[in-house]
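To start, the structure itself, in structure tokens.
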Protein chains: 2
Amino acid sequence: MTSMTAVPPHVTHPPVSAAGASPAVPGNSPTFSPLYQQIKALITQSLQSGEWKPGELIPSEVELAARFKVSQGTVRKAIDELSAENLVVRRQGKGTFVATHHEARAQFRFLRLMPDEGEPQPAENRVLDVKRLRAPAEVARLLDLRTGDPVIFIKRVQSFDGIATILDELWLPGALFKGLTTERLVEYKGPMYGLFETEFGTSMIRATERIRAVSADAAAAEALGIAAGTPLLSVERVSYTYGDRPVEVRRGLYLTARHHYENELS
Amino acid sequence: MTSMTAVPPHVTHPPVSAAGASPAVPGNSPTFSPLYQQIKALITQSLQSGEWKPGELIPSEVELAARFKVSQGTVRKAIDELSAENLVVRRQGKGTFVATHHEARAQFRFLRLMPDEGEPQPAENRVLDVKRLRAPAEVARLLDLRTGDPVIFIKRVQSFDGIATILDELWLPGALFKGLTTERLVEYKGPMYGLFETEFGTSMIRATERIRAVSADAAAAEALGIAAGTPLLSVERVSYTYGDRPVEVRRGLYLTARHHYENELS
DNA sequence: AAGTGGTCTAGACCACTTT
DNA sequence: AAGTGGTCTAGACCACTTC
């Protein structure tokens with residue numbers, strides 16, 4: 001985002017001032033970015049500001065082209081990238097929609113634990129604990145907060161086919177999830193990220209995970225109903241919303257007796 | 001790939017027979033595929049056949065457009081997808097190159113184990129065993145062979161900073177890796193996939209991994225110099241070459257005391 | 001200066017969905 | 001029939017690399 005604001009730097013047909021406000025020398029132009037990237041940033045801003053909410057239809061390519069005074073092809077390329085990053089979903093003949101976690105399709109985007117046999121089953125959740133506390137140093141660092149800032153802590157067990165399989169501990173920035181209560185969490189059906197999205201206006205866009213093998217300690221063994229010492233997958237996740245702002249730290253312990261973590265490399 | 005062979009189904013300006021050989025009804029046209037997908041398939045064939053080898057420059061977009069009698073934009077879209085799938089690498093001003101495993105850039109594409117502290121280090125390899133044997137049922141199934149078909153078995157340990165960290169077992173189809181000897185494997189510097197690529201003409205394109213937590217048995221403990229029962233990451237990989245043909249089964253045991261498996265979700 | 005990929009435009013038609 | 005995204009074309013200029 002450099003030159004462009006109202007009048008974008010048109011190039012060919014309309015022989016407007018072209019490169020416009022940039023400081024003459026093209027080779028040295030600092031932080032030049034192509035038009036479609038600027039359009040992409042503008043659309044992302046509208047997503048972030050809530051102008052178009054998850055699940056809603058965004059304006060058509062023709063409309064956006066008119067609004068930004070660029071060609072449809074340029075808008076198209078911007079939306080192509082947003083679609084590749086799963087921020088929006090295109091549907092031929094219908095339009096482009098803001099991505100949402102309220103879909104069967106989106107359920108397994110962030111949960112890579114698959115059953116060794118048979119189809120993925122919906123998880124049964126049991127919330128063990130919800131409390132407010134002050135961020136430990138490590139959590140604060142990951143969430144870009146200060147040590148001691150208020151955070152919400154959640155502990156829960158997820159079961160598949162009645163077998164306790166995942167023990168999760170979550171930390172959320174207190175400022176973003178003010179009204180979050182145990183009741184709300186327990187009564188809510190569907191994926192937790194759906195609740196975060198509709199109740200708190202926070203959309204999880206991407207995440208990074210660090211995976212290790214660990215031994216179940218006494219507490220984990222009890223929560224999952226297994227022997228202490230059983231090998232477990234430790235999955236540390238940091239989730240990000242628009243603008244790469246971290247908004248969730250999660251540590252999961254996965255029992256991989258009947259399940260495995262599945263990953264595609266390419 | 002349906003209608004098109006010599007004369008592609010041009011659409012606009014040259015008012016040739018358009019949809020051509022397809023069976024009249026457009027809505028029902030069986031397995032229609034867009035032009036750029038057909039071009040992409042043709043380019044992939046040339047990659048697979050070895051017309052352009054890993055690391056080499058492929059013809060320019062203009063040349064390919066002329067060869068296939070389509071516009072440059074159509075070739076561009078085909079190459080865009082091949083680039084997104086890491087089959088080729090574009091370099092502005094230079095051209096488009098066939099992807100190769102002989103690059104620093106490509107080293108960590110298939111190895112997601114990262115040090116907890118500091119920068120990724122190159123691995124030191126120690127080959128423990130190389131032998132020819134008959135494919136066990138499970139390996140045969142994964143490699144799309146028959147049980148008992150000849151396979152090559154490799155066992156090795158990888159160390160980082162002098163610390164044994166990965167115990168690998170590999171199975172390769174014997175038919176594809178005929179001349180593979182212990183000596184060749186030991187003396188070869190650089191990534192194994194580089195050797196497979198240049199010596200045996202087999203390029204690894206993508207892979208799937210299944211990850212579990214396990215306890216080190218006596219053999220693994222000895223090979224890695226750790227206590228039996230230590231939790232290890234079990235990583236089962238199946239690698240594929242062009243046309244989604246499986247060409248490697250690998251089972252790695254990762255020590256995650258000072259390293260972690262890193263994954264991006266989006 | 002010439003060649004390559006990268007961006008941008010304008011306009012056409014196709015496939016799909018809804019009215 | 002009208003609107004949406006999807007494909008295809010043709011031509012222009014830009015940024016980068018090499019000669």
Side-chain angles (χ1 to χ4, degrees), chain A residues 3-4 7-20 22 24-40 57-66 68-83 88-97, chain B residues 3-4 7-20 22 24-40 57-66 68-83 88-97:
Chain A
S3 51
M4 170 206 174
V7 180
H10 281 290
V11 180
T12 347
H13 261 122
V16 197
S17 56
S22 76
V25 188
N28 283 346
S29 75
T31 64
F32 161 80
S33 95
L35 236 195
Y36 77 90
Q37 288 284 4
Q38 302 175 34
I39 303 300
K40 182 184 169 191
L57 191 62
I58 77 172
S60 74
E61 295 177 356
V62 174
E63 283 179 83
L64 289 173
F68 297 128
K69 296 200 171 56
V70 299
S71 78
Q72 184 182 351
T74 299
V75 170
R76 186 156 190 63
K77 182 144 188 179
I79 295 180
D80 274 347
E81 291 204 351
L82 293 172
S83 174
V88 300
V89 177
R90 321 183 83 140
R91 291 191 212 157
Q92 193 178 47
K94 302 177 89 169
T96 301
F97 298 79
Chain B
S3 50
M4 169 205 175
V7 181
H10 280 288
V11 180
T12 349
H13 260 122
V16 197
S17 56
S22 76
V25 189
N28 283 347
S29 76
T31 64
F32 160 80
S33 95
L35 236 196
Y36 77 91
Q37 289 284 5
Q38 302 175 34
I39 302 300
K40 181 184 169 190
L57 190 62
I58 77 172
S60 74
E61 295 177 354
V62 174
E63 283 179 84
L64 290 172
F68 298 129
K69 297 200 169 58
V70 300
S71 78
Q72 184 183 351
T74 298
V75 170
R76 186 149 191 59
K77 181 144 189 179
I79 295 180
D80 275 346
E81 291 204 351
L82 293 172
S83 174
V88 299
V89 177
R90 322 183 81 138
R91 290 188 213 160
Q92 193 179 47
K94 301 177 88 167
T96 301
F97 298 79

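Labels below follow one simple rule: chain letters A, B, ... track the order of the sequence lines, proteins then strands, and each chain is numbered from 1. These values consider heavy atoms only, across backbone and side chains, with no hydrogens, waters or symmetry-generated copies. None of the values given here were measured: they were computed from a predicted structure.
Atom OH of Y36(B) and atom P of dG6(D) are 9 Å apart (whole Å). Atom CG of D80(B) and atom C1' of dG6(D) are 15 Å apart (whole Å). The nearest whole Å value for the distance from the CD atom in Q37(B) to the P atom in dA15(C) is 15 Å. One can place CD of E81(A) at 12 Å from P of dG6(C), the figure rounded to the nearest angstrom. Rounded to an integer number of Å, the gap from L35(A) CG to dC13(D) P is 17 Å.
Base-pairing analysis of DNA chain D finds the following stems of at least three consecutive Watson-Crick or G-U pairs, with both pairing distances under 3.5 Å: C:1-18 with D:1-18.
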Taking only nitrogen or oxygen atoms into account, show me every contact under 3.5 Å that the protein makes with nucleotides 2-5 of chain D, one pair per line with its distance.
unit_1	atom_1	unit_2	atom_2	d
dG3(D)	N2	G93(A)	O	3.1
dT4(D)	O2	G93(A)	N	3.3
dG5(D)	OP1	T96(A)	OG1	3.4
dG5(D)	OP2	E61(A)	N	3.0
dG5(D)	N2	Q92(A)	NE2	3.2

Review item, side-chain donor-acceptor pairs of residues 72-80 of chain A, under 3.5 Å, at least two apart:
unit_1	atom_1	unit_2	atom_2	d
Q72(A)	NE2	E61(A)	OE1	2.9
T74(A)	OG1	S71(A)	OG	3.4
R76(A)	NH1	E61(A)	OE1	3.3
R76(A)	NH1	E61(A)	OE2	2.5
D80(A)	OD1	R90(A)	NH1	2.4

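Rounded to the nearest 0.5 angstrom, T96(B) OG1 and L64(B) CG are separated by 8.5 Å. Between atom CZ of residue R91(A) and atom CG of residue L57(A) there is a gap of 9.5 Å, rounded to the nearest 0.5 Å.
Side-chain proximity of K77(A) to dT7(D), dC8(C), dT7(C): nearest is dT7(C).
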